[in-house]
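Everything on this sheet refers to the single structure shown next.
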Amino acid sequence: MTQPKVRVRFAPSPTGYMHLGNARTAIYNWLYARHHGGAFVLRIEDTDRERSTQAAVQVIYEAMRWLGLDWDEGPFLQSERFDLYRRRAEELVASGAAYRCYCTPEELEQRRQQALAEKRNPKYDGRCRERREPRAGVDPVIRFRMPDTGETVLEDRIQGRVVTPNEELDDLVLLRADGTPTYNFTVVVDDHEMDITLVLRGADHLSNTFRQLHIYRAFGWEPPAFAHQSLILGPDRTKLSKRHGAVSVLQYRDEGYLPEALVNALVRCGWSHGDEEVFPLPRLIELFDLDAVSNAPAVFDFEKLRNKYNAEHIKLASRERLAELLRETLARRDGVVLDPADPRLGLLVDGLRERSRTLVEMAEGARPLLAEEVVWDEAAVRKHLQGEAADMLQALVQRLEALPSFDRPAVLAALDGLAAERGLKLGKVAQPARVALLGTAVSPPIDVVLAVLGRERALARLRAGVARAAGG
RNA sequence: GGCCCCAUCGUCUAGUGGUUAGGACGCCGGCCUCUCACGUCGGUAACCCGGGUUCAAAUCCCGGUGGGGUCGCCA
């Protein structure tokens, strides 16, 4: 009870799309907050005015919404808080923890190259540390004075105890020459101002953490706890990036993935709970914690996302939701517009959910049953629509015509009855019927096909099939 | 290159000193079946290497090798 309330944040930079690595960080933070009953803060780190775009900010909101990651506070835009950072930077200058540096980017680059050429560590040499005089024509940056000796210790909640020699730390820029603040500074100021208790982020920030720790110290602030999750890798085992393709979160929505499936796959990339694989969101909230997060980098398995996680969550999803998602997918991708109340949607979901790994596959499976015209697969016709099929389909037509209702149980009973009467397996009746109805030998269950087609259309196609079989 | 991190089937992982090293995706085969699927049964496939510690190491320690991250007035 004396524990301070858990407060975590997700702090993306709006410089592109939201990719899978960001998404996993957001998910981990959100789950951590929900599991511990804490607060989840969204903060947009748009300090780089050159690269940040409004469109990218919108993409972040959209991706968060789609994934179902609601935030309790924010979004806070760092670009609206520049005054705060400037004041804080001046405090550090006044206390001697930071200083103005008049070295130009060109000079720094030259020295960096030279250091590299001489195989030296290309860190800033600190030559402006004691400088008092301004330099004509140069707008200074404000640099933080890092210790030159000793070492810095981080007790990371995922990585464990990590120690770095302070010689590795160079005097980083807090405020650029144009007065805008840099990431390593704003992140410290904001995590402190927003009372963040745990910074949970990618391991690519690990080395920054040591620098940030010294900024906390200079302010006299108690730093939050840190947890650095190892990176998600592409198939080539390097940090997942644009190069690998298929890396934008919203692309998965467009390709027919369920958000909970992507969340499941991303969470399982680095977190586990025994042999369990499929986790509905509430289960994740119940179980997720840092102790089961691995600190080994993991290759993201795109195939398993589709074959396992999405397929499983499609099986778990409600009929109503799937019907609506199928309707949207059909409209968006195929221009097939159905009324939300169209009873065929539910039937299609029933017939397709177990043979679809994505909503796109489901829509593809639905299309033939919705099409006006039959497209004939000649191989299927040759195999199933020959000679005796004419007589059988004719008998089927008569049975179906006599049906009081044309629902799944009724039509299936009609087929079963016909097969029994003739001493045949159901397949001997269903396959010719399937080909006559759709032109293909592969489809959802025959009763679903008949019910979706409806009495009129089904009978018309069956009669055409009779003619074709007889004539063929 | 400096610093830091990592290392179980192809991939994600379980394992926490004594297991026939388990599960999942993929792949192969059987069964089920109105097709395709689903389901189900079985098979394929792993402890990076070398030293220690121990009666006993996938598990602990050290070294090597391999992979990754990071060294910006990007985040």
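Worth saying up front: this structure is predicted, and the values here are computed from it rather than measured. Below, chain A is the first sequence line, B the second, and so on; all start at residue 1.
Between A:Phe302 and A:Phe300, the ring-plane angle classifies as perpendicular under the 30° and 60° cut-offs.
Note: CG (A:Asp377) to P (B:C36) measures 14 Å, nearest angstrom. Distance A:Glu361 CD to B:C36 P: 17 Å, rounded to the nearest Å. If you measure from atom NE2 of A:His244 to atom C1' of B:G68, you get 12 Å, rounded to the nearest angstrom. Taking atom CD on A:Glu107 and atom P on B:C73, their separation rounds to 13 Å, with Å as the unit. B:A37 atom P lies 16 Å from atom CE of A:Met362, rounded to whole Å. Per the geometry, CG belonging to A:Asp148 stands 21 Å off P belonging to B:G2, to the nearest Å. Residue A:Leu266 contributes atom CG, which lies 19 Å from atom P of B:C25 at whole-angstrom precision. B:C34 atom P lies 17 Å from atom CG of A:Leu393, rounded to whole Å.
With B:G26, B:C73, B:G68 as the candidates, the nucleotide lying closest to the side chain of A:Ala177 is B:C73. Of the candidates B:C73, B:G2, B:G69, B:G2 carries the atom nearest the A:Glu168 side chain, counting heavy atoms from C-beta on. Listed nucleotides B:C25, B:C73, B:C34 differ in distance to A:Leu426; the shortest reach to its side chain belongs to B:C34.
Summarising the base pairing, B:A24 is matched to B:U11 through a Watson-Crick or G-U wobble pair whose two defining distances lie under 3.5 Å. Across all strands shown, B:G39 forms a Watson-Crick or G-U wobble pair, both distances under 3.5 Å, with B:C31. Under the Watson-Crick and G-U wobble criteria, each requiring two contacts below 3.5 Å, nucleotide B:G50 is paired to B:C62. Base pairing annotation: B:C3 forms a Watson-Crick or G-U wobble pair with B:G69, both donor-acceptor distances under 3.5 Å.
Nucleotides B:G50 and B:G66 are separated by 14 Å at their C1' atoms, to the nearest Å. Spacing of C1' atoms, B:G15 relative to B:C9, comes out at 15 Å, to the nearest Å. Going from the P atom of B:A7 to that of B:U59 covers 12 Å, rounded to whole Å. Rounded to the nearest Å, the gap between the P atom of B:C61 and that of B:C5 is 13 Å. The same atom, C1', is picked in B:A21 and in B:G17; the two are 14 Å apart, to the nearest Å. Comparing the C1' positions of B:G18 and B:U54 gives an interatomic distance of 12 Å, to the nearest angstrom. The separation of B:A58 from B:A46, taken at their C1' atoms, amounts to 10 Å, rounded to a whole angstrom. Using P as the reference atom, B:G22 and B:C48 are 16 Å apart when rounded to the nearest Å.
Taking a cutoff of 4.0 Å between a charged side-chain nitrogen and a carboxylate oxygen, A:Arg127 and A:Glu107 do not qualify as a salt bridge.
Across the interface with RNA chain B, nearest-nucleotide mapping of A:Arg143 and A:Glu312 shows A:Glu312 to be the residue nearer the 5′ end.
Within the nucleic acid shown, A:Lys315 comes within 4.0 Å of sugar-phosphate atoms alone, with no base atom in reach, counting heavy atoms only. Within the nucleic acid shown, A:Ser443 comes within 4.0 Å of at least one base atom, counting heavy atoms only. Within 4.0 Å (heavy atoms only), A:Val173 reaches sugar-phosphate atoms of the nucleic acid but no base atom. At a threshold of 4.0 angstrom between heavy atoms, the contacts of A:His205 include nucleobase atoms, whether or not backbone atoms are also involved. No engagement by A:Thr15 is indicated, since no non-hydrogen atom pair under 4.0 Å with the nucleic acid exists. Within the nucleic acid shown, A:Pro122 comes within 4.0 Å of sugar-phosphate atoms alone, with no base atom in reach, counting heavy atoms only. Among the atoms of the strands shown, none is found under 4.0 Å from any heavy atom of A:Pro12. Heavy atoms of A:Ile446 sit under 4.0 angstrom from at least one base atom. Residue-level contact check: A:Asp178 touches neither bases nor backbone, having no heavy atom under 4.0 Å from any strand.
For A:Arg100 and A:Tyr102, the positive end is not near the middle of the six-membered ring at less than 6.0 Å and at most 45° from its axis. Remark: A:Arg211 is not positioned above the aromatic ring of A:Phe144, lacking an NZ or CZ atom under 6.0 angstrom from the ring centre and at most 45 degrees off the axis.
Taking every heavy atom of both residues into account, A:Met392 and A:Lys428 meet most closely at CE-O, 2.9 Å. The two residues A:Leu322 and A:Ile314 make their nearest non-hydrogen contact at CD2-O, 3.3 Å.
In this view, A:Arg355 satisfies the salt bridge (charged side-chain N to carboxylate O under 4.0 Å, His left out) rule with no residue, not counting sequence neighbours.
Between the side chains of A:Tyr309 and A:Glu277, a donor-acceptor pair is found at a separation under 3.5 Å. Judged by distance alone, the side chains of A:Ser79 and A:Asp46 do bring a donor and an acceptor atom under 3.5 Å apart.
Two residues are said to be in side-chain contact when any heavy atoms from C-beta on lie closer than 4.5 Å; A:Arg283 and A:Glu276 meet this criterion. Considering only heavy atoms from C-beta on, A:Tyr28 stays 4.5 Å or farther from A:Arg201 through its side chain.
Remark: A:Arg112 is in phosphate contact with B:G72, judged by side-chain N or O atoms under 4.0 Å from OP1 or OP2. Taking side-chain N and O atoms only, A:Lys239 has a distance below 4.0 Å to OP1 or OP2 of B:U70. Taking side-chain N and O atoms only, A:Lys383 has no distance below 4.0 Å to OP1 or OP2 of B:U35. For the OP1/OP2 pair of B:U35 and a distance below 4.0 Å, the side-chain nitrogens and oxygens of A:Thr440 include no atom meeting the criterion.
You won't find any donor-acceptor pair under 3.5 Å spanning the side chain of A:Asp204 and the base of B:A75, going by distance alone. Side-chain N/O atoms of A:Arg355 and base N/O atoms of B:C38 include no donor-acceptor pair closer than 3.5 Å.
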Using a 4.0 Å cut-off on protein heavy atoms (strictly under), produce a 5'-to-3' string for nucleotides 5-18 of chain B with B for base contact, S for backbone-only sugar-phosphate contact, and - for none. SSS---BBSS----
